[in-house]
Peer 1: 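Take this structure, written in structure tokens, and hold onto it; I'll ask about it next.
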Amino acid sequence: MSTLPTIFILISLFATINHAIEIDYCVGDSNLPRGPEGYACKNPSTLTTDDFVFTGFRGERTTNSIFRNNITLAFAKQFPAINGMGISMARLDLGVGGVIPVHSHRTSEIIVIIKGTIIAGFIDTTNTAYYKKLEVGDVMIFPQAMLHFQINAGDTPAMAIVSLNGASPAVQQTSFSLFAGNLPSKLAEQITHLSHEEVTRMRKLFQSA
Ligand SMILES: *[C@@H]1O[C@H](CO)[C@@H](O)[C@H](O)[C@H]1NC(C)=O
């Protein structure tokens with residue numbers, strides 16, 4: 001690697017830390033190393049308007065997954081222009097009976113209902129659940145790191161757009177964390193008090209999901 005690109009990469013890595021003071025934007029380059037503040041910047045001279053536009057929310061969605069949902073992420077990985085900007089979006093499609101199972105992010109999330117009716121809610125650290133049937137146009141906030149969920153409450157497909165105050169907020173779905181990863185069944189049983197049979201059933205369900 002020649003010196004100039006190396007220097008550029010190093011500068012852009014530092015630049016992603018509080019970049020707004022130093023540079024206008026930092027469109028992420030996923031080919032370069034990712035630091036705790038995000039991706040390193042693409043060389044600005046290579047950028048076009050299309051780098052700042054995400055078209056991934058277009059069109060219809062099928063909802064054949066076990067939760068009858070279809071989640072389209074516009075996080076920094078899918079939409080590199082938001083790298084380092086502390087903001088991201090996702091489109092949630094819920095078929096009839098569809099659910100976004102209980103999950104959390106590193107950030108807060110705000111939802112707006114575009115189609116259908118959705119029961120949305122979160123559970124705080126005192127185990128208080130706040131939930132409501134939301135109509136088209138309604139907005140609800142899920143505070144940072146709280147467990148939350150969305151359920152299609154109508155008899156037609158539902159759709160919502162969410163925004164999160166991080167470019168890479170991650171999605172941690174509780175059932176998948178417990179039953180689809182590398183946590184041994186025995187430990188899953190111990191930390192949940194579910195029976196061996198139930199944990200076996202859940203692992204089958206979520207590992208094939
Ligand atoms: C989401 O919908 C798209 C478009 O119909 C489809 O190609 C994709 O497989 C769906 N994803 C899931 C997880 O169902």
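Side chains included, hydrogens not; waters and symmetry mates left out as well; all remaining heavy atoms used. Residues: numbered from 1 along the sequence shown. Every number for a ligand or one of its atoms is a count from 1 in the order of the listing.
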Peer 1: Below 30° counts as parallel, above 60° as perpendicular, anything between as tilted: where do the rings of H148 and H105 land?
Peer 2: tilted
Peer 1: Is the shortest heavy-atom distance from the side chain of L194 to the side chain of E189 under 4.5 Å?
Peer 2: no
Peer 1: Which protein residues have a heavy atom under 4.0 Å from ligand 1?
Peer 2: E60, R61, T62, N70
Peer 1: Applying side chain to side chain donor-acceptor pair (under 3.5 Å), can you list everything that pairs with Q78, at least two apart in sequence or on another chain?
Peer 2: none
Peer 1: Is the Lys NZ or Arg CZ of R34 less than 6.0 Å from the centre of Y39's six-membered ring, within 45° of the axis?
Peer 2: yes
Peer 1: Using a side-chain heavy atom cutoff under 4.5 Å and only I, L, V, M, F, W and Y, what cluster partners does L147 have?
Peer 2: V102
Peer 1: Would you please name every residue forming a side chain to side chain contact (heavy atoms under 4.5 Å, CB included) with T48, sequence neighbours left out?
Peer 2: D50, D51
